[in-house]
Amino acid sequence: MLSLADIHFGYGDQPVLRGVNLEVQAGEMVVLVGSNGAGKTTTLRVISGLVKPWKGMVTLDGDRLDGQPPHRIVEAGVVQVPEGRHVFPKMSVLDNLLLGASRPEAWRQRRETLDEVFEVLPLLRGRLRQMAGTLSGGEQQMLAIGRALMAKPALLLLDEPTLGLAPLVASEILEVIGRLNSGGLAVLLVSQQVTEVLRRAHRAYVLSGGTVVRHGAPAELLSDASLIEAYFGRAHGSSALTGKPCRQAPHVPHQA
Ligand SMILES: Nc1ncnc2c1ncn2[C@@H]1O[C@H](COP(=O)(O)OP(=O)(O)OP(=O)(O)O)[C@@H](O)[C@H]1O
């Protein structure tokens, strides 16, 4: 489905991505993890067309995406939920959602799509007239996901969707993302909640210094204590569920 081949990019003359190779297959949940400044957000910005790679190719089902403007990439079915949610605070929840259905085809189907969105995010149905700025952080994140779904994506890109949220709310957001993926939507998720997201993913990539230093099955990566410690610190080296070191691979529900 999505393929990044040898992507190089930097800001000014400072290189940030140094030959990133990454794939997401149809229906997969792939997570991209890595330390601060590794280039995760920049990778998503390259895919969304917000920046143009210096070198390399981004393709979706064989069609080139790099060099296309962001709205064409949305039309192609790749939609990003940006870090920080970026809902329009002075607009109602409904208007924020409808903004997501900007393509003519999505606009024509907006009523059916709204019903689909409410099935996954039932909270939004009761808040349609509420100003988005008055929603809690977790509710705003749900709205940002709902708005992206209104574009009827084939691949959803999520940048740190649980950042700054209380643990219970963060789990709820990850549950929603898991349900969307179980329904067939491909997901590329950037997160620093390493153990939590790896437990839900089909595959994972570890980015460091602008290159992929490891990729593979999440269970494999989680069981590599030295890798987890090297890139994410000791805190992530224990299972969130048991508190024991992750030497034994935890259960990975969607293992490919
Ligand atoms: N607009 C910009 N101009 C200049 N440098 C930038 C810009 N955006 C990001 N960078 C730099 O690029 C590098 C990679 O940033 P990026 O946000 O992609 O990393 P990240 O892995 O998402 O990090 P984090 O987890 O902290 O969000 C960092 O050194 C950052 O300072």
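Heavy atoms only: backbone and side chains are in, while hydrogens, waters and symmetry mates are out. Quick caveat, the model's predicted, so the values are computed rather than measured. Atoms within each ligand, like the ligands themselves, are counted from 1 in listed order.
Scanning the protein heavy atoms around atom 19 (O) of ligand 1, the nearest turns out to be G39 N, 3.3 Å. N36 ND2, 2.8 Å is the protein heavy atom nearest to atom 26 (O) of ligand 1. Taking atom 17 (O) of ligand 1 as the reference point, the nearest protein heavy-atom neighbour is T41 CB, 3.5 Å. The closest protein non-hydrogen atom to atom 5 (N) of ligand 1 is Y11 CD1, 3.4 Å.
The environment of H215 atom NE2 is sparse: at most 12 non-hydrogen atoms of other residues, nucleotides or ligands sit within 6.0 angstrom. More than 12 heavy-atom neighbours from other residues, nucleotides or ligands sit within 6.0 angstrom of CZ on R64.
Between T42 and ligand 1, at least one pair of N/O atoms sits closer than 3.5 Å. Polar contact check, V16 against ligand 1: no nitrogen or oxygen pair lies under 3.5 Å apart. The shortest N/O to N/O separation between E83 and ligand 1 does not fall below 3.5 Å.
Counting only distance, with no hydrogens or angles, the side chain of H202 and the backbone of V30 share no donor-acceptor pair below 3.5 Å. E28 places a side-chain N or O within 3.5 Å of a backbone atom of Q25 that can act as its donor or acceptor partner. In this structure, Q140 contributes its side chain and L135 its backbone to a donor-acceptor pair below 3.5 Å.
Remark: of the listed residues L143, L99, V93, L143 is the sole one forming a side-chain contact (heavy atoms from CB on, under 4.5 Å) with V87.
Heavy-atom distances between S35 and ligand 1 reach below 4.0 Å in at least one pair.
The pair E116-K152 meets the salt-bridge criterion, with a side-chain N (NZ, NE, NH1 or NH2) lying under 4.0 Å from an Asp/Glu carboxylate O. Salt bridge E75/R72: present, at least one basic N to carboxylate O contact under 4.0 Å.
Among G34, G37, P15, A38, the residue whose heavy atom lies closest to atom 14 (C) of ligand 1 is G37.
At a heavy-atom distance under 4.0 Å, only side-chain atoms of Q192, from C-beta outward, approach ligand 1.
Per-atom contact check: atom 31 (O) of ligand 1 does not touch the protein, criterion being a heavy-atom distance below 4.0 Å.
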